[in-house]
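Okay, structure first, notes after.
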Amino acid sequence: MQNIKVYITEHKERFLNELTDLLKIPSISADSAFTQDVIDTAGMVKQRLEEAGCDQVEVFETDGHPIVYAEKILAAELPTILVYGHYDVQPPDPLELWDSPPFEPIIKQTDEHPEGAIYARGASDDKGQMYMHIKGVEFMIQTGQLPCNVKFMIEGEEEVGSNSLSTFVAEHKDKLANDIILISDTGLIANDIPSITTGLRGLSYVEVEVTGPNRDLHSGLYGGAVANPINILAQMIASLHDENNHITIPGFYDSVETLSKEERAEMAKAPFDVLAYQKDLAIASVYGEKGYTTHERSSIRPTLDVNGIWGGYIGQGAKTVIASKAHAKISMRLVPNQDWKEITQRFKAHFEKMAPKGVTVKVIPHHGGQAYVTPIDTIGYQAASKAMETTFGKTPIPMRRGGSIPIVSLFEKELGSKSILMGFGLDSDAIHSPNEHFGVWNYLKGIETIPYFYSYFTQLTNTSSN
Ligand code: BES
Ligand code: MN
Ligand code: MN
């Protein structure tokens with residue numbers, strides 16, 4: 001693959017401009033005010049796949065946001081790589097914390113990114129990382145070096161639970177048949193410490209509503225005599241962890257996969273600097289479940305976190321009031337063997353049972369998904385490892401991460417395929433946060449690495465079947 005570097009040098013400006021255009025469209029899947037922008041983004045992705053040289057490029061309408069499909073089939077006997085990514089993004093708020101508008105991408109140099117980083121919502125998660133694949137495939141098709149078949153499936157609902165894609169996958173198993181799924185929607189340990197994500201956590205996301213009196217009340221006239229839903233909700237939430245930061249929901253840990261001493265020792269070899277971690281977050285200490293390291297707490301252990309809490313008066317000054325209702329959104333990150341539907345039920349039963357007389361509690365389940373672990377003794381993993389070794393000059397470290405891409409376990413269930421999580425972002429990219437960015441170096445390194453994955457995967461498939 002002599003000339004991928006040359007190709008990148010020649011086309012670098014265009015690669016950056018094209019990504020910039022994609023980032024300008026606010027494809028916020030969660031907010032219906034942006035439905036047309038989501039549709040426009042799907043249209044742009046379709047056009048770019050056609051320009052790259054793909055065939056059968058189609059936008060599939062769904063009950064939710066559209067899915068873009070494309071393929072380049074060379075021959076039935078060749079292996080097929082299915083690329084998955086998402087073109088939708090998280091809402092950009094709070095807007096006032098962005099140094100530049102989230103949908104007006106700009107490249108800025110930083111200490112961490114001397115070659116510049118592109119700042120925009122979706123730069124790293126996942127438009128920038130998804131687009132690397134279109135450019136890598138463009139290179140292979142345009143220079144006649146595509147060694148195998150490729151299919152693309154780019155969705156617009158990842159950030160809201162991939163509902164439409166679940167149906168799409170179940171209904172198009174033949175169309176989506178593949179030998180391996182390749183995804184860039186995760187990160188590296190650092191630009192000089194390459195890694196491949198071998199595990200993702202599952203998720204159960206719920207909303208709770210606590211209702212007390214039938215209306216807001218004067219907190220002097222009624223205070224002390226009726227249950228205050230906000231006080232009660234705060235107590236209920238606090239009781240979900242014990243003094244060791246274990247989760248108190250009965251049965252929550254019943255099916256949690258326990259790692260052997262050896263596996264934990266292996267994990268501990270991954271470089272991790274707790275002081276740098278604390279400094280980056282401006283915290284005096286890390287915090288979490290007793291008996292586990294920071295890396296373990298944030299990857300192989302399940303968690304429960306309040307994501308939002310509201311109710312009562314939050315305007316200027318003071319208003320003496322007992323609100324009728326209090327609300328919270330809660331996510332639980334799950335690990336292999338925990339069933340997200342079962343955990344959701346356990347949460348619901350526990351939360352409802354815990355409510356004192358004088359309030360009523362409603363638990364509204366949102367979305368969820370299973371955890372995923374990818375084995376490393378496979379051709380897919382070896383191909384990714386060799387590809388990164390070629391372009392980074394170092395063997396990547398296999399590493400389980402705490403984030404979730406719930407659809408990945410469904411791919412395995414429905415299509416019987418493993419997914420390779422070869423991401424090029426950094427934890428410091430501020431995904432889902434203000435000032436999200438993606439290093440120009442990372443973007444180009446991804447484009448450089450992807451064609452090697454294709455050639456190693458094809459080679460290894462041939463050798464193993466001979
Ligand atoms: N790309 C992320 C997940 C991710 C990021 C995994 C970095 C590992 C490392 C994905 O877009 C995401 O944000 N997923 C959501 C779940 C989804 C159902 C909203 C998450 O993890 O919160
Ligand atoms: Mn993502
Ligand atoms: Mn995301």
Side-chain angles (χ1 to χ4, degrees), residues 22-23 27-31 41 64-65 83-92 102 120-133 153-166 181-190 194-207 270 295 298-300 302-308 329-335 340 344 365-374 397-411 419-434 436-438 442 446:
L22 198 60
L23 290 168
S27 49
I28 305 164
S29 49
D31 188 341
T41 309
H65 299 308
V83 176
Y84 163 78
H86 64 96
Y87 66 79
D88 65 319
V89 302
Q90 286 278 332
R121 170 56 85 232
S124 173
D125 184 13
D126 179 44
K127 283 174 173 168
Q129 297 213 62
M130 175 272 286
Y131 204 63
M132 301 178 314
H133 288 269
M153 178 171 67
I154 314 294
E155 70 153 321
E157 282 178 25
E158 196 278 339
E159 300 291 8
V160 290
S162 301
N163 279 337
S164 302
L165 191 68
S166 311
I181 300 176
L182 183 60
I183 305 174
S184 296
D185 194 20
T186 54
L188 305 163
I189 297 177
S195 57
I196 295 172
T197 300
T198 51
L200 292 165
R201 285 194 285 196
L203 182 72
S204 164
Y205 202 104
V206 298
E207 185 168 330
H295 180 211
S298 62
S299 63
I300 59 157
T303 61
L304 183 152
D305 278 293
V306 177
N307 292 244
K329 290 186 195 270
I330 296 173
S331 66
M332 289 164 277
R333 296 285 168 172
L334 309 176
V335 298
W340 77 271
T344 306
H366 283 262
H367 53 264
Q370 297 299 107
Y372 181 74
V373 177
T374 188
I397 299 169
M399 199 160 136
R400 283 171 61 170
R401 305 302 303 262
S404 308
I405 312 177
I407 198 74
V408 172
S409 63
L410 193 120
F411 291 156
S419 292
I420 300 299
L421 300 154
M422 189 171 75
F424 294 86
L426 295 178
D427 284 353
S428 56
D429 286 351
I431 65 172
H432 297 204
S433 298
E436 176 177 351
H437 57 278
F438 189 35
N442 299 71

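Note that ligands are numbered from 1 as they come in the structure, with each ligand's atoms numbered from 1 the same way. Start at 1 with the first residue, then count along the sequence. Worth knowing before you read on, the calculation uses all heavy atoms, side chains too, and leaves out hydrogens, waters and symmetry mates.
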Legend entry - Side-chain donor/acceptor of Ser27 to backbone N/O of Tyr87, under 3.5 Å: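 A pair under 3.5 Å: yes.
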Considering only protein heavy atoms, which is closest to [atom], and at what distance to one decimal place?
atom                    : answer
atom 9 (C) of ligand 1  : Thr186 CA, 3.9 Å
atom 19 (C) of ligand 1 : Glu159 O, 3.5 Å
atom 4 (C) of ligand 1  : Asp185 O, 3.6 Å
atom 15 (C) of ligand 1 : Ser404 O, 3.6 Å

I'd like to check [X] versus [Y] (side-chain heavy atoms, cut-off strictly below 4.5 Å). Are they in contact?
X      : Y      : result
Arg401 : Leu421 : no
Ile407 : Glu158 : no
Phe438 : Ile431 : no
Thr186 : Ile405 : yes

Considering non-hydrogen atoms only, spot the tightest contact between [X] and [Y] and give its length.
X      : Y      : result
Ser184 : Asp126 : O-OD1, 2.5 Å
Leu334 : Pro302 : CA-CB, 4.4 Å
Val89  : Asp125 : CG1-O, 4.3 Å
Asn442 : Phe424 : ND2-O, 2.9 Å

Legend entry - Within-shell test, Ile431 vs ligand 1, heavy atom, strictly < 4.0 Å: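 Distance cut 4.0 Å: Ile431 passes for ligand 1.
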Inset, instruction - May I ask whether His432 has any heavy atom positioned less than 4.0 angstrom from an atom of ligand 1? - result: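 The answer is yes, since His432 has a heavy atom less than 4.0 Å from ligand 1.
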Legend entry - Partner of Ser162 by side-chain hydrogen bond (donor to acceptor under 3.5 Å, both in side chains), out of His86, His367, Glu155, Glu157: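 Of the listed options, the one satisfying the test is Glu155.
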Legend entry - Worked verdict on Met399 versus Ile189 for side chain to side chain contact (heavy atoms under 4.5 Å, CB included): CA-CA 9 Å; Met399 199 160 136; Ile189 297 177; 3.4 Å; yes
List every atom of ligand 1 that sits less than 4.0 Å from any heavy atom of [X], numbering the atoms from 1 in the order shown and giving each element.
X      : answer
Pro406 : 18 (C)
Leu200 : 6 (C), 8 (C)
His86  : 11 (O)

Inset, instruction - List the steps, then state whether side chain to side chain contact (heavy atoms under 4.5 Å, CB included) holds for Ser164 with His65. - result: CA-CA 7 Å; Ser164 302; His65 299 308; over 6 Å; no
Specify side chain, backbone, both or neither for [X], according to which of its non-hydrogen atoms lie closer than 4.0 Å to ligand 1.
X      : value
His367 : side chain
Leu203 : side chain
Ser162 : neither
Thr197 : neither
Val160 : neither
Glu158 : both

Inset, instruction - Look up atom OG in Ser433 and atom CZ in Arg121, then write down how far apart they are to the nearest 0.5 Å. - result: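 Here the interatomic distance stands at 7.0 Å.
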Legend entry - From OG (Ser419) to CG (Asp185), nearest 0.5 Å: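 The CG atom of Asp185 is 11.0 Å from OG of Ser419, to the nearest 0.5 Å.
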Legend entry - For the Mn ion (ligand 3), the closest N/O/S atom belonging to His432: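 Nearest N/O/S atom of His432: NE2.
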Legend entry - Arg333 N/O to ligand 1 N/O under 3.5 Å: yes
Legend entry - Asp125 N/O under 3.5 Å from ligand 1 N/O: yes
Inset, instruction - Taking side-chain contact (heavy atoms from CB on, under 4.5 Å) as the test, write out the residues that go with Arg333, two or more places apart. - result: Arg201, Leu203, Thr303, Ser404
Inset, instruction - Pull up every protein N/O/S atom sitting under 2.8 Å from the Mn ion (ligand 2), skipping waters. - result: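 Near the Mn ion (ligand 2), the protein supplies His86 NE2, Asp125 OD1, Asp185 OD1, Asp185 OD2.
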